[in-house]
Amino acid sequence: GLVDNTWLWTWHEIAELIQDMCKTGIPIEHKQQIWQVIEKLIDAPGNINEEDKFKNTDLRSEDFLTYAMNSTQGRAMQSVMDYAHWLGKSIADGKDSVPKGFAKMREVKTVLERKLAPDDPGGFASRAVYGWRYGLLYWIDRDWLAQHAPQIFDLREFETNPRHAKGWAAWNTFLTANRP
């Protein structure tokens, strides 16, 4: 009964370790090793079938923030964001924003753009993290955020195909987790 057959607990603990390391500010020399672990985490199996989870619910009443906090993909995206924050602080060196933004952290940009693809398996959990950490994305690269905000918060799909309206998860979480 205590065996982790799905590896979910293991993936969650790895994500938490990465987040803690980035938050405590380990030396920047470990950047490559940390990112290698994050890359594995981003592609970790174990997401639940979102089609089944949200099948009989009104997505407008879902708590996507809690869902992102507790899902494998949500935790993986939190690790990406904590890594970006840790790296951004090193690059910004006390400035109000990160000079050259995502151009200085291409690995993060690549993952963020890949997770915005409509067919990305991270689904609602991944997209919710964009809304949750909107302020961080703004601090890192305002131009990138302005370019991708329509994709992040795409609400058009909600009217035609709500089961795939991932932009709603970002918008819902943005309103829940921030003070707009």
Side-chain angles (χ1 to χ4, degrees), residues 3-23 34 37-86 108-140 144-145 148-180:
V3 176
D4 186 13
N5 293 329
T6 62
W7 288 86
L8 288 178
W9 180 85
T10 305
W11 290 118
H12 290 192
E13 290 301 309
I14 292 169
E16 195 167 315
L17 175 64
I18 295 293
Q19 292 168 33
D20 288 345
M21 289 190 318
C22 292
K23 288 176 184 173
I34 291 174
V37 175
I38 290 173
E39 282 182 316
K40 300 284 188 210
L41 193 60
I42 284 293
D43 294 325
N47 271 350
I48 63 167
N49 184 339
E50 289 186 337
E51 291 284 329
D52 290 341
K53 177 170 177 46
F54 300 118
K55 187 176 187 176
N56 297 317
T57 63
D58 183 345
L59 293 178
R60 292 171 294 189
S61 63
E62 285 296 319
D63 178 2
F64 289 106
L65 177 59
T66 300
Y67 178 60
M69 288 178 175
N70 294 309
S71 71
T72 303
Q73 279 301 300
R75 287 179 180 230
M77 285 298 289
Q78 291 173 61
S79 296
V80 170
M81 296 297 188
D82 286 334
Y83 172 89
H85 188 224
W86 168 68
V108 174
K109 178 183 178 188
T110 299
V111 166
L112 292 177
E113 290 176 355
R114 182 178 65 151
K115 298 307 256 176
L116 286 173
D119 61 344
D120 179 76
F124 291 103
S126 290
R127 198 63 68 85
V129 176
Y130 289 86
W132 181 10
R133 303 298 297 272
Y134 186 84
L136 173 67
L137 296 171
Y138 181 82
W139 174 69
I140 292 172
W144 181 91
L145 186 58
H148 291 87
Q151 218 176 341
I152 293 169
F153 297 117
D154 184 2
L155 300 178
R156 293 171 298 171
E157 184 108 24
F158 194 82
E159 294 184 24
T160 59
N161 191 1
R163 298 289 158 241
H164 294 97
K166 296 172 188 163
W168 176 256
W171 181 245
N172 171 291
T173 306
F174 172 72
L175 294 175
T176 303
N178 297 286
R179 294 182 180 178

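The chain is numbered in sequence order, starting from 1.
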Does CH2 in Trp86 sit with more than 12 non-hydrogen atoms of other residues, nucleotides or ligands closer than 6.0 Å?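 Yes, CH2 of Trp86 has more than 12 neighbouring heavy atoms, counting only those of other groups under 6.0 Å.
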Who are the ring-ring contact (aromatic ring centres under 6.0 Å, His included) partners of Trp139, not counting sequence neighbours?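 Trp139 satisfies ring-ring contact (aromatic ring centres under 6.0 Å, His included) with His85 only.
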Measure the [atom1]-[atom2] distance between [X] and [Y] for me, rounded to the nearest 0.5 Å.
X      : Y      : atom1 : atom2 : result
Thr66  : Asn70  : OG1   : CG    : 6.5 Å
Thr176 : Trp171 : OG1   : CH2   : 10.5 Å
Lys166 : Phe64  : NZ    : CZ    : 11.5 Å
Leu41  : Gln73  : CG    : CD    : 8.0 Å
Met69  : Asp63  : CE    : CG    : 8.0 Å

Sequence neighbours left out, what passes side chain to side chain donor-acceptor pair (under 3.5 Å) with Asp20? Give chain and number order.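 Scan of Asp20 (side chain to side chain donor-acceptor pair (under 3.5 Å), adjacent residues dropped) gives none.
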Ion pair present between Arg127 and Asp154, side-chain N to carboxylate O less than 4.0 angstrom?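 Looking at Asp154 together with Arg127, the answer is no, because their closest N to O distance does not fall below 4.0 Å.
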Do the side chains of Asp82 and Arg133 get close enough for a salt bridge, i.e. N-O under 4.0 angstrom?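 Between Arg133 and Asp82 there is a salt bridge, with a charged N closer than 4.0 Å to a carboxylate O.
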So Lys109 and Trp144, side-chain contact (heavy atoms from CB on, under 4.5 Å) or not? Walk me through it. CA-CA 9 Å; Lys109 178 183 178 188; Trp144 181 91; 4.0 Å; yes
Of all the heavy-atom pairs spanning [X] and [Y], show the shortest one and how long it is.
X      : Y      : value
Leu116 : His148 : CD1-CD2, 3.9 Å
Thr72  : Trp11  : CG2-CB, 4.1 Å
Ala165 : Phe124 : O-CE2, 3.4 Å
Ile38  : Ser79  : CD1-O, 3.8 Å
Tyr130 : Met77  : CE1-CE, 3.7 Å
Gly74  : Ala125 : N-CB, 3.7 Å

Heavy-atom check, side chain of Arg75 versus side chain of Ile18, under 4.5 Å: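 Arg75 vs Ile18: side chains apart.
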Taking the side chain as C-beta and beyond, is there a heavy-atom pair between Ile140 and Val108 under 4.5 Å?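 Answer no - side chains too far apart.
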Phe153 ring center within less than 6.0 Å of Phe174 ring center: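 Aromatic pair counts; centres sit under 6.0 Å.
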Okay, side chain of Glu62, backbone of Ala169: is any donor-acceptor separation there less than 3.5 Å?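 Side chain of Glu62 to backbone of Ala169: no pair is present.
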Let's go through Thr173 and Tyr134 carefully: what are the C-alpha distance in whole Å and the side-chain angles of both, what is the deciding distance for side-chain contact (heavy atoms from CB on, under 4.5 Å) to 0.1 Å, and is it a yes or a no? CA-CA 10 Å; Thr173 306; Tyr134 186 84; over 6 Å; no
Quick one, Ile42 with Lys115, criterion side-chain contact (heavy atoms from CB on, under 4.5 Å). Give me CA distance, side-chain angles, the key distance, then yes/no. CA-CA 9 Å; Ile42 284 293; Lys115 298 307 256 176; 4.3 Å; yes
Evaluate side-chain contact (heavy atoms from CB on, under 4.5 Å) for Val129 paired with Val80, printing each intermediate quantity in order. CA-CA 10 Å; Val129 176; Val80 170; over 6 Å; no
